[in-house]
Each structure stands twice: as structure tokens, then as C-alpha cells.
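Take a look at the structure set out below.
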Amino acid sequence: MSELKKIVGYSAADMAKDGQKLGLGTGSTVFYFLERLAGRIKTEGLTVAGIPTSVQTEEHARRMGIPLLTFDDTQALDLYVDGADEIDAGFNMIKGGGGALLREKMVASASARRVIIVDQSKVVERLGTTFALPVEVIPFGWRFCNLRLEKLGCRPTLRMSGDATYSTNNSNYILDCRFPDGISDPAAMEAEINAIAGVICCGLFIGLADEVLVGGPDGVKRLTKQG
Ligand code: 5RP
């Protein structure tokens, strides 16, 4: 599977153009995007800089020599490249497997062109069928959020890191929500989850992908949003 992640990561890095401000996603697929981007900076003198969506990506980018930006420098980005945990035919996604959903959603929202890079295992007919939906909540009263999420028909589990509660880069908790039959209306579910007091960010990403690069045995398939 990592070979498929590599081919889509490298293809996305080849889309970056001189002078662009980038959104740098998070995860194992994005790692390859960063690797190839760093290579282009060194060999071609490509001049790009990006806002990282996690401490992990920030550390990788620094080590690889990719110039970084923050939202203090700019609030408008040209190109955002990120992975996904699931994506459907309408380009709705579940993200947040790596815990970076809040910063990812902010950076995706600030970007003119959003390119999602996945191996073919991430493409699903219905969201929520292979992956639990991550929901970032404030630690205060997380059990209240847990209860309200249960009422929406899912089984939430508090994400752990070994024996300790997992903490996001924003010092929040994550409830991973399993939907027994998947999510029939992702946009409506996102709205219902966002309406719960204490929820910081829902891992449903609606309307935040413009192009998808899917890696499979025959290479990279490039899908563009219809309509
Ligand atoms: C991190 C994410 C990632 O994009 C998602 O988990 C995919 O990761 P990977 O490329 O490692 O499969 O949403 O919060």
C-alpha cells in the first residue's frame, strides 16, 4: 500500500508551481508529497512555502527543508494537498485518523484548490462503513458530547494513546464514532454534530475536495469534481 501512497504523493507534489503558498496535510500519504516537494525545492529551486496542519507535518517539513508559513503570514493559500480516511463519489470525506482534523479543515477552507491523495482502499460507496468518524471535543464535559453523539446513532470511543487519553495538537480529545450502517447523509450529520456544544470539529469534510488522485495497480487516476 505504501507504494500507492508514494505514487499519488509524488504526483501531487508535481502540481505545485513556483511562488505558490501551500497547505500541507498530515499523514503517511502526505509524507511522500513532502518528500517529493522537498526534492523539487532542492533540485529545481522551486519557491514554495506552506502552512502545516500538524506538529508532525511541521517537523517533517522543517527537517526536509520546506519553508513554512503560519496564518499570521497569510490567510489565503493556492494549493492544499492532504490524504483522507474515506472518500465517496461526491468527494465527501472522513478525515482525522491522524488527529489533525481541525487544522486540516481550517487550512483546506483557506485554499483555492484542494487536492486529495489516497490509495484505492480509501474510496467507499458510503462514508462511515470502513472507518470510525473522528470528532474533536473539548476535554471539559467530553462525556456530555459522548452522550449526545450516541443519540445520533453511533458508538463513540474516547481515543487513547497507550494508557493515556489521546490529546490533539490543540489539547482536545477525540471521540471516534462508529456508525453501524455508515452515514447516509454526511452534510446533515456534520450539521447535527457541529450543533453539539463542546464539539470543536467533526471529521466529515464536505465540499473541501476539488480533485482526487487515487493510487491503484494501474497507476494514478485523477478525478475532478463534476458540476
Ligand atoms: C490526519 C488525516 C489523514 O489525512 C488521514 O488519516 C489519512 O492518513 P494516511 O495518509 O496516513 O492514510 O486526516 O488527520
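Whatever order the structure lists ligands and atoms in, that order sets their numbers, starting from 1.
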Residue and atom name of the nearest protein heavy atom (relative to [atom]), distance in Å to one decimal:
atom                    : value
atom 4 (O) of ligand 1  : Lys95 NZ, 2.9 Å
atom 12 (O) of ligand 1 : Lys122 NZ, 2.7 Å
atom 9 (P) of ligand 1  : Ser28 OG, 3.3 Å
atom 1 (C) of ligand 1  : Glu104 OE2, 3.1 Å
atom 10 (O) of ligand 1 : Thr29 OG1, 2.5 Å

Query raised in the report: Under the salt bridge (Lys or Arg N to Asp or Glu O under 4.0 Å) criterion, do Arg126 and Asp88 qualify, and how do the steps go?
Result: CA-CA 6 Å; Arg126 179 185 274 218; Asp88 70 13; over 6 Å; no

Requested in this report: Can you figure out which of Thr26, Asp85, Ile116, Val118 has its heavy atom closest to atom 6 (O) of ligand 1?
Outcome: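 Closest candidate by heavy-atom distance is Asp85.
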
Query raised in the report: Checking side chain to side chain donor-acceptor pair (under 3.5 Å) for the pair Glu35/Tyr10: CA distance, chi angles, key distance, verdict?
Result: CA-CA 8 Å; Glu35 185 173 75; Tyr10 275 35; 2.6 Å; yes

**Report entry** N/O separation below 3.5 Å, Gly27 to ligand 1
**Finding:**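 Gly27 vs ligand 1: no N/O contact under 3.5 Å.
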
Query raised in the report: Would you say ligand 1 has an N or O under 3.5 Å from any N or O of Val30?
Result: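 Checking ligand 1 against Val30, no N or O pair falls under 3.5 Å apart.
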
Query raised in the report: Less than 4.0 Å between a side-chain N and a carboxylate O, is that true for Arg63 and Glu59?
Result: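 Result for this pair is no, no salt bridge flagged.
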
Query raised in the report: Does even one non-hydrogen atom of Gly96 get within less than 4.0 Å of ligand 1?
Result: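 Judged by the 4.0 Å heavy-atom criterion, Gly96 does count as contacting ligand 1.
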
Query raised in the report: Hey, which atoms in ligand 1 end up nearer than 4.0 Å to a heavy atom of Ala100?
Result: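 The atoms of ligand 1 under 4.0 Å from a heavy atom of Ala100 are 14 (O).
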
Query - Gly83 neighbourhood, listing ligand 1 atoms whose heavy-atom distance to it stays under 4.0 Å - result: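 Matching atoms, with element in brackets: 4 (O).
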
Query raised in the report: Is a side-chain donor-acceptor pair under 3.5 Å present for Asn169 with Ser54?
Result: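 The answer is no; no qualifying pair exists.
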
Report task. Consider only side-chain N and O atoms of Glu86 and Thr130, and report whether a donor and an acceptor are under 3.5 Å apart. Result ->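 On atom types as modelled, these side chains qualify, holding a pair under 3.5 Å.
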
Query - Check: Leu158 and Asn146 side chains under 4.5 Å, non-hydrogen atoms - result: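 The answer is no, as the side chains (C-beta and beyond) never meet within the 4.5 Å cut-off.
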
Report task. Please state which part of Ser54 comes within less than 4.0 Å of ligand 1, counting heavy atoms only: side chain, backbone, both or neither. Result ->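 Answer for Ser54: neither.
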
Query raised in the report: Given the rule in the side chain to side chain donor-acceptor pair (under 3.5 Å) test, do Thr224 and Glu211 qualify, once you have shown the distances and angles that lead to the verdict?
Result: CA-CA 5 Å; Thr224 320; Glu211 285 160 70; 5.5 Å; no

Report task. Could you tell me which non-hydrogen atom of Asp210 sits nearest to which non-hydrogen atom of Ala112, and how far apart they are? Result ->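 Smallest heavy-atom distance, with atoms named: OD2-O, 3.8 Å.
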
